[in-house]
Protein chains: 2
Amino acid sequence: MPITLKQLAQKAEVHPSTISRVANNDPSLRIAPDTRERIEALLRETEYRPNGVARGLKLRQTFVLAVVIPDVTNPFFAALFRGVEDGALSRGYNVLLCNTDGSPDRQRSHLQSLHARRVDGIILASSVLKDPSVRWLRHQRIPHVLVNRFSDEGQDTFVGADDLLGARVATRHLVELGHRRIGHLAGKLTVSTGLMRRRGCLEELEARGLPIDPALVVESGYTEAGGAKAAERILSLPDRPTAIFAVTDMTAIGACTMARRLGLRVPEDLAIVGYNDIPLASRLVPGLTTVRVPIHEFGAAAARLLIDQIVVGDASRRRVIFNPELVVRGSTVAGADDGPLRAQHAAAFATE
Amino acid sequence: MPITLKQLAQKAEVHPSTISRVANNDPSLRIAPDTRERIEALLRETEYRPNGVARGLKLRQTFVLAVVIPDVTNPFFAALFRGVEDGALSRGYNVLLCNTDGSPDRQRSHLQSLHARRVDGIILASSVLKDPSVRWLRHQRIPHVLVNRFSDEGQDTFVGADDLLGARVATRHLVELGHRRIGHLAGKLTVSTGLMRRRGCLEELEARGLPIDPALVVESGYTEAGGAKAAERILSLPDRPTAIFAVTDMTAIGACTMARRLGLRVPEDLAIVGYNDIPLASRLVPGLTTVRVPIHEFGAAAARLLIDQIVVGDASRRRVIFNPELVVRGSTVAGADDGPLRAQHAAAFATE
DNA sequence: TTGCGCTGAACAAACGATTGCTTTATCGTA
DNA sequence: TACGATAAAGCAATCGTTTGTTCAGCGCAA
């Protein structure tokens with residue numbers, strides 16, 4: 001068992017509180033230089049580290065954050081987590097990771113357990129619109145930040161990208177390539193990303209004077225399998241689209257696979273655009289045209305906002321919105337892959 | 001602030017300990033049926049959850065585990081983490097995640113911080129041979145399990161695959177395809193996976209009566225960039241190999257990219273085998289032939305072993321070794337990709 | 001009536017650290 | 001000589017639970 005303050009106090013023949021004051025550099029009380037030195041030496045040689053649990057009880061602060069996401073094996077969320085950890089570590093926080101697999105029940109039970117553990121704050125990337133769990137967080141006054149997806153507009157501190165704009169840029173790209181029948185795999189309309197990207201897509205079509213065919217807009221969920229299934233539906237239509245904008249890269253990948261199974265060539269017969277620019281997107285053949293968002297930055301910014309919220313103790317809602325950026329690859333423009341791929345490898349070498 | 005035992009006690013006009021006994025179903029003391037019922041009703045309506053920090057202090061157990069890995073954005077470690085979480089959650093544990101980026105210093109500092117937080121146990125997937133951090137864990141008697149990589153043979157509870165066998169199988173595959181000059185990207189020889197897979201590779205070559213050219217065996221590290229760099233070295237030799245066995249899939253991917261940059265076709269000019277079968281491996285074009293290990297199972301088994309170690313309190317070392325399995329794809333056999341890919345998609349549909 | 005056994009619940013001591021408030025020296029000064 | 005200021009360190013309460021021990025009250029038998 002690690003050494004305690006009381007044991008140290010016995011060794012040094014002083015009161016535990018004195019040790020605590022030296023260890024914490026307590027400015028409210030001065031310590032005689034010689035005892036201070038004696039105690040500091042003792043602290044060093046015993047490698048004393050205060051019991052974090054006891055400390056947490058007394059200080060009512062655990063220096064633990066939690067990240068709640070659907071699934072860390074999805075590269076998007078893995079990158080997000082790294083951002084959070086990188087942002088939190090320098091401020092002395094460790095980070096718990098909870099996967100919900102998209103289940104509201106699992107999310108709720110995770111949140112309750114985290115609350116019972118008295119984590120200092122929660123970063124939630126799995127919320128749906130009007131999420132009861134999010135309202136519960138607000139009601140319990142648990143410091144929290146929503147990432148990527150918001151729940152009730154403007155009610156919580158939020159970090160994300162401008163999904164409306166990103167969807168418009170993606171759709172515009174397809175329109176400018178000459179596509180007139182454009183399908184959309186819309187995720188879920190109970191999720192802000194699904195709703196906003198769909199809205200952006202439709203707005204852009206309308207702005208360009210293109211007709212909107214409701215049959216070409218289908219909910220797909222966010223999994224690869226969901227994307228494939230949804231793509232199958234709209235690609236089996238008598239008048240199938242020549243392009244698809246998918247709500248995420250994973251959904252787009254499902255669509256790509258399905259297109260191939262149906263004997264369609266990408267991009268010649270079907271152009272596909274994804275969203276997020278996960279690492280996998282540039283690896284596919286052809287590369288996936290997509291909307292890049294700064295995933296790692298999402299996490300780091302969320303951690304910063306959360307910790308600010310914790311230390312200041314205010315519940316003022318803040319919003320950090322990044323600008324998305326179109327990345328053109330071979331899934332929309334044949335031959336577009338060469339340039340970017342080379343550049344990427346050069347960068348990889350440079351960092352080693 | 002959440003309600004405390006003391007506040008509940010006031011409401012119910014009983015002593016806090018009585019509430020605690022009801023909440024915990026304490027068998028050591030019997031409670032009158034009517035008070036029990038009264039208190040249980042109160043517990044339900046206030047949604048009382050004991051303060052985990054206070055509980056942790058008193059019980060000397062936090063129900064928190066930690067996973068220490070190089071980088072969760074590496075799909076191998078993301079899958080590993082999921083395994084751990086899935087194994088731990090059902091037993092009431094939450095899991096902290098720490099990324100080391102392969103730095104021994106970061107690893108050490110994480111470990112110390114975790115110890116100060118009194119996590120109940122640590123799963124370490126980033127250890128090197130003769131790792132001082134691992135010895136420190138042993139010395140502090142911190143329950144721990146090493147995963148995938150071991151440190152000092154047999155000294156710690158370990159979950160992994162038979163790397164020697166896996167490497168032999170991979171090498172045998174190349175030999176049976178007729179390759180006689182086989183290169184090996186060996187990771188790092190300070191890491192058990194690097195050492196064992198290299199040994200397996202060389203043993204198999206020797207068993208098959210093939211000459212071993214030391215110039216064809218180079219340390220590559222475990223990154224994609226490292227794999228590319230190492231591949232460049234052996235592919236620039238006057239008498240270059242016709243096949244490469246890489247210590248991991250990521251390393252193999254780097255080698256693939258480098259091969260293409262050097263104008264070599266895979267598999268016609270250069271066959272490549274990786275290790276682990278990360279999800280990405282089946283997505284590449286051509287698909288990557290690799291040695292599959294049950295990554296998720298690694299994590300789940302590690303969590304089980306760790307929790308057993310914690311609850312029983314014994315430090316008996318156990319070893320769980322899974323059998324690796326060769327997966328043949330297009331990076332060694334032209335045209336091998338069709339079958340497996342179709343099968344995979346069928347499975348994906350089935351699960352939705 | 002005294003005393004014993006039993007039930008049901010209160011008491012109190014931890015767990016290990018933090019921190020406002022005393023207390024004890026020590027010294028300077030009136 | 002005495003008194004107050006000040007420096008240095010001890011005291012003790014507290015954070016919220018858990019749990020071994022004690023205690024009050026009651027019924028019953030001697």
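Keep in mind that what you see is a predicted model, and the values were worked out from it rather than measured. Letters A, B, ... mirror the listed sequences (proteins, then strands); counts begin at 1. FYI, side chains are in, hydrogens and waters are out, and symmetry mates aren't considered; it's all heavy atoms of this structure.
- The distance from atom CG of B/Asn24 to atom P of D/dT19 is 7 Å, rounded to the nearest whole Å.
- Whole-Å rounding puts the A/Leu8 CG to C/dT18 P distance at 12 Å.
- Within the structure, side-chain hydrogen bond (donor to acceptor under 3.5 Å, both in side chains) pairs that include any residue of residues 55-69 of chain A comprise A/Gln61-A/Tyr93, A/Thr62-A/Asp120 (at least two apart or interchain).
- By the ring-ring contact (aromatic ring centres under 6.0 Å, His included) test, B/Tyr48 pairs with no residue at all, sequence neighbours left out.
- The pair A/Asp131-A/Arg149 fails the salt-bridge criterion, with no side-chain N (NZ, NE, NH1 or NH2) lying under 4.0 Å from an Asp/Glu carboxylate O.
- Atom OG in A/Ser151 sits 6.5 Å away from atom CG in A/Leu129 (nearest 0.5 Å).
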Reading nucleotides 5-13 of chain C from 5' to 3' and marking B where a protein heavy atom lies under 4.0 Å of the base, S where only the sugar-phosphate is that close, and - otherwise, the string is ---SBBBB-
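- In this structure the side chain of B/Leu42 reaches within 4.5 angstrom of the side chain of B/Leu8, judged on heavy atoms.
- Rounding to whole angstrom units, CD of residue A/Gln10 and C1' of D/dG10 are separated by 15 Å.
- Taking B/Glu40 as the reference, B/Val22, B/Arg36, B/Arg44 meet the side chain to side chain contact (heavy atoms under 4.5 Å, CB included) condition, with sequence neighbours excluded.
- Ion pairing between a basic and an acidic side chain is recognised when a charged N comes within 4.0 Å of a carboxylate O; B/Glu153 and B/Lys130 show no such pairing.
- Listed by residue number, there are no residues of residues 88-96 of chain A with a heavy-atom contact under 4.0 Å to DNA chain C.
- Every pair tested for salt bridge (charged side-chain N to carboxylate O under 4.0 Å, His left out) that includes a residue from residues 6-17 of chain A fails, sequence neighbours excluded, so the list is empty.
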Strictly under 3.5 Å: I want the nitrogen or oxygen pairs between protein and nucleotides 4-6 of chain D, one per line.
none

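- Note: CG (A/Asn25) to C1' (C/dT18) measures 15 Å, nearest angstrom.
- The residues B/Asp86 and B/Arg82 are annotated as salt-bridged, a charged nitrogen and a carboxylate oxygen being separated by less than 4.0 angstrom.
- Nucleotide C/dC15 holds its P atom 18 Å from the CZ atom of B/Arg55, rounded to whole Å.
- Helix-axis bend for the helix from C/dT1-D/dA30 to C/dA30-D/dT1: the local axis fitted to the five terminal pairs at one end deviates from that at the other end by 100°, rounded to 10°.
- Every residue two or more places apart in sequence or in another chain that forms a side chain to side chain contact (heavy atoms under 4.5 Å, CB included) with B/Val14 is listed here: B/Ala12, B/Thr18, B/Ile19, B/Arg38, B/Ile39.
- Among the protein residues, B/Asp26 comes within range of no part of the nucleic acid, since none of its heavy atoms lies under 4.0 Å from any strand.
- Taking both residues in full, the closest heavy atoms of B/Ser192 and B/Asn148 are given as OG-O, 4.1 Å, listed atom of the first, atom of the second, then distance.
- Using a distance-only test at 3.5 Å, with no hydrogens or angles considered, a donor-acceptor pair links the side chain of B/Glu85 to the main chain of A/Asn99.
- Distance, A/Leu59 CG to D/dC15 P: 13 Å, rounded to whole Å.
- For A/Lys188, the side chain to side chain contact (heavy atoms under 4.5 Å, CB included) test picks out A/Thr190, A/Val191, A/Glu219, A/Tyr222, with sequence neighbours left out.
- Salt bridge A/Arg138/A/Asp156: present, at least one basic N to carboxylate O contact under 4.0 Å.
- Residues that satisfy the side chain to side chain contact (heavy atoms under 4.5 Å, CB included) test with A/Asp26, not counting sequence neighbours, are A/Arg21, A/Ser28.
- One atom, CD1 of B/Ile3, and another, P of D/dT17, lie 10 Å apart when rounded to the nearest Å.
- One finds no side-chain N or O of A/Ser28 lying less than 4.0 angstrom from the OP1 or OP2 phosphate oxygen of C/dT19.
- Residues of residues 43-53 of chain A that place a heavy atom closer than 4.0 Å to DNA chain D do not occur.
- Residue B/Lys6 contributes atom NZ, which lies 8 Å from atom C1' of D/dT14 at whole-angstrom precision.
- Note that CG of B/Asn51 and NE2 of A/His115 are 9.5 Å apart. Values are rounded to the nearest 0.5 Å.
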